[in-house]
Amino acid sequence: MPLLSSMYLRLRLRNMYQGTKSNSQRFVSKSTTQSSESKVNGVSSEGITSADNVQKPQRYTKMRTKTAALGGKNLVEHVYHILEQVKWGPAAEAALDNLNCTLGVYHGNQILKRLQDHTVARGFFYWLKRQPGFKHDEHSYTTMVGILGRARQFNAINSLLDEMVEDGSFPNVVTYNRMIHSYGRANYLDEALNVFYQMQEAGCEPDRVTYCTLIDIHAKAGFLDVALNMYRRMQEAGLSPDTFTYSVIINCLGKAGHLDTSYQLFSEMIAQGCTPNLVTYNIMIALQAKARNYPCALRLYRDMQTAGFEPDKVTYSIVMEVLGHCGYLEEAEGMFTEMKQRNWVPDEPVYGLLVDLWGKAGEVDKARGWYQAMIQAGVRPNVPTCNSLLSAFLRVHRFSDAYDVLQSMPSLGLNPSLQTYTLLLSCCTDTQYLSNMGVCCELMAISGHPAHAFLKSMPAAGPDGQNVREHANSFLDLMHSEDRESKRGLVDAVVDFLHKTGLKEEASSVWEVAAQKNVYPDVVREKSSLYWLINLHVMSDGTAITALARTLAWFRRQILMSGAVPMRIDIVTGWGRRSRVTGSSLVRQSVKEMLNIFEFPFYTESGNTGCFVGCGESLNTWLLHPYVERMHLL
DNA sequence: ATAGGGTTAG
C-alpha cells in the first residue's frame with residue numbers, strides 16, 4: 001500500500017479509537033480487571049498479596065495502571081457496542097446497569113463522542129449523571145452540546161447549558177464554538193452571532209476557530225460581506241490565519257465568485273509561510289475546475305504532487321470530473337485505475353461520474369460498461385446514475401435499452417425520481433417532429449411517477465383556465481418537498497411539452513401557477529426603478545415563449561391597473577438551456593421571432609446579442625395593444 | 001493530568 005494511503009488509514013483508525021489509547025484509569029471494572037490481570041501478567045490477582053504490595057509499591061502501581069487502562073479500553077468498546085445497537089429505553093438502561101461497573105467522566109465522554117444518535121447519547125448522558133458519585137465536566141457537557149447541535153435540538157442545548165452552570169461547570173470557548181457551528185449549519189445566523197457576542201460578555205475570548213466558523217457559515221449563506229468583516233476582526237484581534245483558516249476563506253471567496261481574490265489569498269498564504277495542505281489543494285483545484293479553468297486546475301494538481309501530496313479520494317473525484325469535462329475521458333478512466341491501485345475503494349458517485357461522462361459523450365456502450373462494472377464491484381447504483389444511463393440511451397434513441405434501465409430500477413430498490421420523469425418528458429419534445437412521443441409516453445407510464453398521472457389527467461382549459469390552474473396547483477403541492485431545481489426542470493418540460501403539442505392555454509396556466517409558487521424566482525426582477533429584467537435563460541424554448549408572453553401581459557395589466565409604466569424592459573435569453581453550440585440558442589431565436597411577429601420595439605446592445613431591450617414611449621404604446629393579452633396563443 | 005471545536009467533491 002502506498003505510504004499516504006496507509007497513513008490515511010492509520011489516521012482514520014486513530015480518530016476512530018481516539019482516547020482508547022490513552023492511559024486512563026478512572027474507572028475500574030471488577031470482572032474485567034481480574035481477567036486482564038491474569039492474562040497480561042500471567043499471574044492471578046490472588047497471587048498478589050499485601051506483602052507484595054508493601055514491598056514493591058512501584059511495580060504494583062505500574063501494574064494497576066496497565067490493567068486498568070486495558071479494562072478501560074475494553075469497557076469503552078463494550079459499552080459503545082451496546083449503545084450503538086439500541087434505541088434508548090429501559091432495555092438499554094438495564095444493559096448498562098447490568099454491567100455493574102463504574103465509568104469515570106473521561107471514559108464516559110469517550111463513549112459519548114462516538115454515539116451518532118442523539119437520543120441514545122442523551123439517554124446515556126443522563127444515565128451517567130444519575131450514577132452515584134458521577135459528575136459531568138465541561139468536556140462531557142461540551143460533547144453533548146455538539147451532539148445536540150448536530151441534531152438541531154436547540155431547546156435541548158439551552159436547557160443543557162442551564163444544567164451545566166447549575167452543576168458548576170462553565171461553557172468554554174469550545175462549547176461556544178460548537179454552538180456557533182450548530183446554529184450556522186442550521187441557517188440560524190443571528191443566533192450564531194448572538195452566541196459570539198454572549199461569549200464575549202461572559203468573558204470568553206473568541207479564538208481562531210470561532211472566527212473561522214463564523215466566516216464559513218456566513219459565506220455559505222451568501223453573506224460574504226459579514227464573512228470578510230469577521231476575517232478583518234480576527235486579524236484585528238491579533239489572530240493570524242493558519243492553513244485551516246486560509247482554506248476556509250479561499251473556499252468562501254471562490255464559491256462567492258471572487259476567483260481571483262481567492263487565488264491571491266492562496267499565493268498570500270504561501271508567501272506568509274503557511275503551507276497549503278491536501279484539502280487546500282483540493283479546494284483550489286475544485287474552484288478552478290468549476291470555473292472551467294481546466295488548465296489551471298490541472299496545473300494546481302501537478303503543483304500539489306510536487307509539494308509532496310498524494311491525491312486522495314476527493315482529489316481523484318475532482319480531477320476525473322475536470323478531465324471528463326475537458327473531453328479527456330480515457331484520462332479520467334486512467335485516474336480511476338490509479339485510484340484503485342492506491343487502494344481507494346471507488347464508491348457510487350465515482351462510478352456514476354464515469355457513466356455520466358461517457359453517456360454525455362454519446363458513448364452509450366462505454367457508459368453501460370461502467371454501470372455494469374459498478375454492479376459487479378458490489379456497488380449499488382443510485383437513481384441519478386440510472387438517470388445518466390437512461391438519458392444516454394434516450395439521446396441516441398435506443399429506446400429498448402432505455403426501457404431495460406427503467407425496468408430494472410425497482411428491482412434495485414430504486415424509485416424513478418422527478419428527474420427521471422423530466423428527462424423522459426423532455427425526450428418527447430426533443431425532435432422537431434415529436435417522433436419520440438409514442439415510445440416516450442410508454443416509458444413515462446412505466447416510470448409510475450405521479451407526474452405522469454398529473455399529465456394524463458390534465459383537463460382541457462376552460463374559459464378562464466381555472467381548472468388547469470387548480471390541477472397544476474394540487475400537483476405542485478404534492479411535489480412540495482422536491483427541491484426547486486427539480487421542480488423547475490419538470491415544469492419546464494411540462495410547459496414546453498404542452499406548448500409544442502398545441503395546448504398553449506394549458507401551457508400558460510401551468511406556467512402561471514409555477515411562477516406563483518416561486519418555482520422561477522428570478523424570472524422577473526426590477527433592476528432599478530421602472531427598469532425590469534425578464535430572464536429566460538434557464539428555460540427551454542417553448543417555456544421561454546410562454547413565460548415571456550404571460551409576463552408582458554402582466555406588465556400590461558399593471559399599467560392598466562396602477563398606471564405604473566416600465567421605462568425599460570430587458571429580455572435576457574442567454575445561450576438558452578438546450579443549446580449545445582456556443583452562440584446558437586433556440587431560446588434566443590424563438591423569442592426574437594415572436595417579438596418580430598408582434599412588432600415589439602426592441603434593439604440589442606452591442607456585445608450582448610442575447611438580450612432584447614425595449615424602452616421609452618414605444619414600449620409603453622406597444623404594451624397597451626390588446627393582443628398582448630393573447631400572445632401566448634400564437 | 002489525560003480529552004473537546006472549524007475546511008474540500010458528487
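Each chain gets a letter, A, B and so on, in the order its sequence line appears, and its residues count up from 1.
Using a 4.0 Å heavy-atom distance criterion, A:Arg185 is classed as a sugar-phosphate-only contact. Within 4.0 Å of A:Ile318, counting heavy atoms only, lie sugar-phosphate atoms of the nucleic acid but no base atom. At a threshold of 4.0 angstrom between heavy atoms, the contacts of A:Ser317 include nucleobase atoms, whether or not backbone atoms are also involved. Within the nucleic acid shown, A:Thr245 comes within 4.0 Å of at least one base atom, counting heavy atoms only. A:Asn251 comes within contact range of the sugar-phosphate backbone alone, with a heavy-atom separation under 4.0 Å but no base atom that close. Here A:Asp242 lies in heavy-atom contact (under 4.0 Å) with a base. Contacts of A:His181 with the nucleic acid, taken as non-hydrogen atoms under 4.0 Å apart, involve only primed sugar atoms and P, OP1 or OP2.
A salt bridge between A:Glu482 and A:Arg488 is absent, with no side-chain N of the basic residue lying under 4.0 Å from a carboxylate O of the acidic one.
By the ring-ring contact (aromatic ring centres under 6.0 Å, His included) test, A:His218 pairs with no residue at all, sequence neighbours left out.
Summarising the geometry, the separation between CZ on A:Phe244 and P on B:dT8 is reported as 8 Å, rounded to the nearest angstrom.
For A:Val314, whose side chain is taken as the heavy atoms from C-beta onward, the closest listed nucleotide among B:dG6, B:dA9, B:dG4 is B:dA9. Comparing atom distances between the A:Val279 side chain and each of B:dG6, B:dA9, B:dT8 picks out B:dT8 as nearest.
Taking only side-chain nitrogens and oxygens, A:Lys113 comes nearer than 4.0 Å to OP1 or OP2 of B:dG4. Between A:Lys220 and the phosphate of B:dG6, there is no side-chain N or O to OP1/OP2 separation shorter than 4.0 Å.
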Can you check side-chain hydrogen bond (donor to acceptor under 3.5 Å, both in side chains) on A:Ser391 and A:Ser388, steps first, answer last?
CA-CA 5 Å; A:Ser391 164; A:Ser388 295; over 6 Å; no

